[in-house]
Amino acid sequence: MILVIALGARSNREILQLKRAEQNKFLATDFLMRLRTAESSQRGYLVTGNPRYLRGYNAVADSLPLSLSHLEAATSAEPLQRRRLAIIRSQFELKRREMSDALQQERAGHRIRALAMTNSDLGFREMGEIETEIQGVIAFEEKTSLGVRNRYDSIYFISLFVLVSIVALGFVTFSLVKKFIRSSIAQRIEISDSNGRLMSLVETRTAEIARVNEEIQRYAYIVGHDLRGPLINIIGFTAELQRAETILQRQINVLKVTKPSLLDPDIVDAVELDIPEALRFITVSTARMDRLIAAVLKLSREGRRALLAEPINMAALINDLADCQAQQLESGGALISIGDLPDLVSDRMAVELVFGNLLENAVKYLDPARAGRIEISGAEHGDRNIYEVRDNGRGIAAADSERVFELFRRAGDQEVTGEGVGLAYVRNAIYRLDGRLTLSSVVGEGTRFCIDLPARLDAPGAPDVIAA
Amino acid sequence: MSRSDTIVLVEDDEGHARLFTKQLRRHGVHNSIRHFSTGAQAVAWIDVRTTPADAPTLFVLDINLPDMLGTEVLACLAVHRYARRTPVVMLTSSDDHADMRRCLDLGCRHFLIKPLEMHRFVEACADLACALTLDPDASPVAMRTHDPAGSPNGRKPRP
């Protein structure tokens, strides 16, 4: 833009210069024409004596000094022209005097003398010099004019070039912008396409996981439920057998008193020892199996239960859970300390299940050799709360750190009774709450569970009716 | 209105049915027991009951039947002209809340979890005011089976 303005300003200057040169050429030509007219008129008069020639001479001769002055003023800026005009001025003055002198001679009646003066070389020489110089002046102006024209052409070409460049640049910019917009649109479409593909992939996978999970839950339910059918028969008919055994025992007791000889010792052994022993084992086993099936069913049911998010006062919840363990704690001389516990918005039942089981385990597996210490604390970490349940109990060996979470698996000495379901419930519930559970433990020193839960569970809120 | 003294038992597991019958008898309940192994058989039998006297005094339904859900049988009973007035006790082998909710929705509040404790069953029967035919000397369970309304249907000694 600046270039265009500069070019514009410059071309303005050049046009003025060109105009001046043309004007100077005109002034120079005009002066020469006038001088020639004056000369030829003067000669015409002298030769013919016709006064019309004299009138013509007088009209032109009077304008000659002014015409020359104009030319001088117009070309005064150029030193070369000034020199030429100085010559022209001096030759003109001589020529003018010569012409007026000749006319004075003629007026005085010396017509022959006047004609002789006109015929002399002097007049021709002066006129020739003036013509030469005038041609020089014109040539100089011609050169200036040509230079300006050339420059003007170059400015024109530069301007044209600049204009073409600007237009071309515009085109290039336009096409680049167009291309860029096109490609960015294409990219956006591609990104949104691939986003869409990813989303649908995620949705498919999520649906698949949900389906598999549902199937597992359903499977667990069916297994639990249908295993219980035969078990009920075993429990029921074992009871029938126990009843029958009691009747037999009663009969044997009667016979022992009345007819001992009738009694086969093998029958007595069978009724008094073998059958009761077998029934005892069957009863214990079926009772245990019943508990295990109930555990599977409970896990399945907990997994299928719809979670409800509600605000939970964690300090109150943990205090309540600790109160449930108060008796065991007291009898073992153990102490429980509850630190700061940030509140949660989560599913109350699941949270109770988690901390209830962890607390119960901590109490259950305290080391009888030392005073039990259980600590529960928590802290906020951004949008997650991390709770810790620490004990100085018997600890869990590193090799068992995964096994303890499996259903029906238990680690360490088995003298403490249990089904091996507590930690399976805990882990299952924490996963459902979008949480993480980590365990660190040293055998003989204690165990530390880290429970990392979202501060606000993404689940439907519990209606007040249910809360009440 | 009087009903027959028949107890209809819908139970696919022969063992469970046998245990139920044995224990019922042992507790001095002598009502005739009509046992069906499938829901369809039970529904078919009910469909041909044409008078109130034909309707059983009690339905005992297992929730899990091979051909249809116990709750589906319950739904059939609920719309039957005579059988809908007959009390129902549901039997289940697990304390599944969803099953219980379905029963409640169909108007049945009595579900017992197996293995059946007979005194609970008799209590439920008393609660339902259904006519159990009790042997007066049979067992202490009889003491629990009082009819709160004092209905003449309450205790009919077996002839």
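Protein chains get the first letters and strands the later ones, always in sequence-line order, with residue 1 at the start of each.
Residue contact with chain A, scored on non-hydrogen atoms closer than 4.5 Å, is absent for B:Ile63.
Scanning residues 230-253 of chain A against chain B with a 4.5 Å non-hydrogen threshold yields A:Ile232, A:Asn233, A:Ile235, A:Gly236, A:Phe237, A:Glu240, A:Arg243, sorted by number.
Counting heavy atoms of neighbouring residues, nucleotides and ligands inside a 6.0 Å radius, atom CZ of A:Arg291 exceeds 12 of them. More than 12 heavy-atom neighbours from other residues, nucleotides or ligands sit within 6.0 angstrom of CG on A:Asp264.
We find the CG-CZ distance between B:Asn64 and A:Arg228 to be 12.0 Å, quoted to the nearest 0.5 Å.
Considering only heavy-atom pairs separated by less than 4.5 Å from chain A, the leading option among B:Lys22, B:His16, B:Lys114 is B:His16.
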